[in-house]
Amino acid sequence: MKMSRTQLYRTLDQADVGEWEALKVLADQSPWRQTFHIQPEAGLLNDPNGFCFFNGEYHLFYQWFPLGTQHGIKYWYHTSSTDLVHWRNQGIGIAPDTIYDSHGAYSGSAIEKDNLLYLMYTGNTRNKDWKRYPFQCMAVMNTQGHISKLPPVIEHVPDGYSDHFRDPKVWQDGEYYYCVIGAQRINHTGCTVMYRSPDLQTWTFQGELQTSLPSFGYMWECPDYFELNQQGILLFSPQGIEPFADSFQNIYQSGYMIGTPLDLNTCEFDHGDFCELDHGFDFYAPQTTLAPDGRRLLVGWLGMPEIDYPTDHQGWAHCLTLPRELTIEHGELRQRPVQELTQLRGQRYHVNHTVDNQHHLLSSIQGAHYEMLVQISDIQATRIGIELCVGNNEKTVLYYQPELEKLTLDRSLSGQPLALEYGTTRSCSLSLDEGTVTLHLFVDTSSIEIFANDGRKVLTARIFPQPDSTGISLFTEDGSACFDVTQWDLLAKEEQ
Ligand code: FRU
């Protein structure tokens, strides 16, 4: 049941008595609640925002519409963690309660200055004719976690750009602060612009990032810029890219370009191809931060805009991905699950088995939420793979074709179907790593994250199996392969 615009733009204090509590009761009964992912108590979660380390803790906010599972008025919801694994719900971070963010506290980022955390975000407003007008707003959080708003810092969209102008990502370089903002030119092509500030309050338009993609989709959302290994990386989520071979299969994309460091004066960015960050079905609007030990960490929205999800009728929608560490190795971006996640490991199981042209259902290993490392070697088959969440007519299949050097995730039989118009398989190229394929998997009640060949490729998806679809099966076709499988139960998180 679709909500009306009036219903979608109600803030929490305009809710009916007991409305939010009823949604929470509904969400609590959902069979697809996650056990080790950040998810909303009820309502809809989308982009990660304000990801940072401040005052001895990680802070991670997310876009949140509390009163339903469609995209309504957005809040920033606040979570924090000392270890990137156990997250504590901290309540509302930013509410859309001023004339500068009346129709949503949209995405943005965080940076520390003088022992305060500055939260720069887009205030989405609409006039009575529903015309959009974006402000770039600023709020500050003190070390007690108290957040207060400052006046907006960028009040106008520069000439040449439409009202699709949002998602500031801020960083510091030397004596200046910079931010990139996702934009749409008036000719309806997407791009990123940059501003500079000496103090986080006064911002000067520096120009548009000069890339080699003058016409690449109609809007670039959630840009992020950082440097790794003396190289510049621009990450963004373009909309309006046509599918091409196995690429760009989702409604919208998220990816990156690696180049020489961005010229902060001329905005020139000399870069390589746009590459997708994730080759699965459900991944969008990621954001990175720098950990105190120098690691570059990334979290994404484990969901997609404009797609109906099976929990939409259960009072909640979406979750965030696990945090990943980014590195550049031999010029290639690698993404690995952060090493802190090993803290969740419980009981360990191990099997080593040669499979020859058959399906082999494991008798000693199964589960609904676990971590698993699968190493496949001595590959003599044309197709090798693993079936997860196997149950009555259900399975989520991951297979590799050595001759094509291709890895495929098939969710056609994963359970409750979704987004069928975008297809039921996703594939990406993957070279053998010294003759082997390594799959590092994180399976939660309703998601799967696959890190292939030590972070060279990642595939992320929501799946909605029956609770008793917990089997795991290994298979090969036209030959044999040797599987080495280690699984860890993941201990459910602390109460949030
Ligand atoms: C991306 C996005 C952002 C915007 C936010 C609103 O999913 O559309 O561009 O700031 O979501 O919730």
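Heads up: numbering here begins at 1 and tracks the sequence. Remember, predicted model here, so these are calculated numbers, not experimental data. As the structure lists them, so they are numbered: ligands from 1, and atoms in each ligand from 1.
- Of the residues listed (L418, T69, L44), the one engaging Y309 in a side chain to side chain contact (heavy atoms under 4.5 Å, CB included) is L418, and it is the only one.
- For ligand 1, the atoms sitting less than 4.0 Å from at least one non-hydrogen atom of Y284 are 1 (C), 7 (O), numbered in the order shown with element in parentheses.
- Nearest protein heavy-atom contact of atom 8 (O) of ligand 1 is E221 OE2, 2.8 Å.
- Here the rule is side chain to side chain contact (heavy atoms under 4.5 Å, CB included) with L490, and of D444, L341, L344 only L344 fits it.
- Of the candidates F61, F51, F54, H78 forms a ring-ring contact (aromatic ring centres under 6.0 Å, His included) with just one, namely F61.
- Among residues two or more places apart in sequence or in another chain, the salt bridge (Lys or Arg N to Asp or Glu O under 4.0 Å) test is passed with D263 by none.
- Taking all atoms of both residues into account, the shortest heavy-atom contact from P198 to T202 is CD-O, 3.5 Å.
- Only the side chain of N46 comes within 4.0 Å of ligand 1, counting heavy atoms alone; its backbone N, CA, C and O stay farther away.
- Each of the atoms 12 (O) of ligand 1 lies under 4.0 Å from some heavy atom of K74.
- Remark: ligand 1 atoms within the under-4.0 Å shell around heavy atoms of D167 are 3 (C), 4 (C), 9 (O), 10 (O).
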Practice problem: I would like to know whether T460 and R324 meet side-chain hydrogen bond (donor to acceptor under 3.5 Å, both in side chains); could you show each step before the answer? | Solution: CA-CA 12 Å; T460 297; R324 308 174 181 177; 2.9 Å; yes
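- Closest to atom 7 (O) of ligand 1, if we only count protein heavy atoms, is D47 OD1, 2.7 Å.
- For ligand 1, the polar-atom distance check finds an N/O of S107 within less than 3.5 Å of one of the ligand's N/O atoms.
- Each of the following atoms of ligand 1 lies closer than 4.0 Å to a heavy atom of W301: 7 (O).
- Some N or O of R166 is nearer than 3.5 Å to an N or O of ligand 1, by distance alone.
- For ligand 1 and Q63, the ligand atoms under 4.0 Å from any heavy atom of the residue are 5 (C), 6 (C), 12 (O).
- A donor-acceptor pair under 3.5 Å links the side-chain atoms of R462 to the main chain of S446, judged by distance alone.
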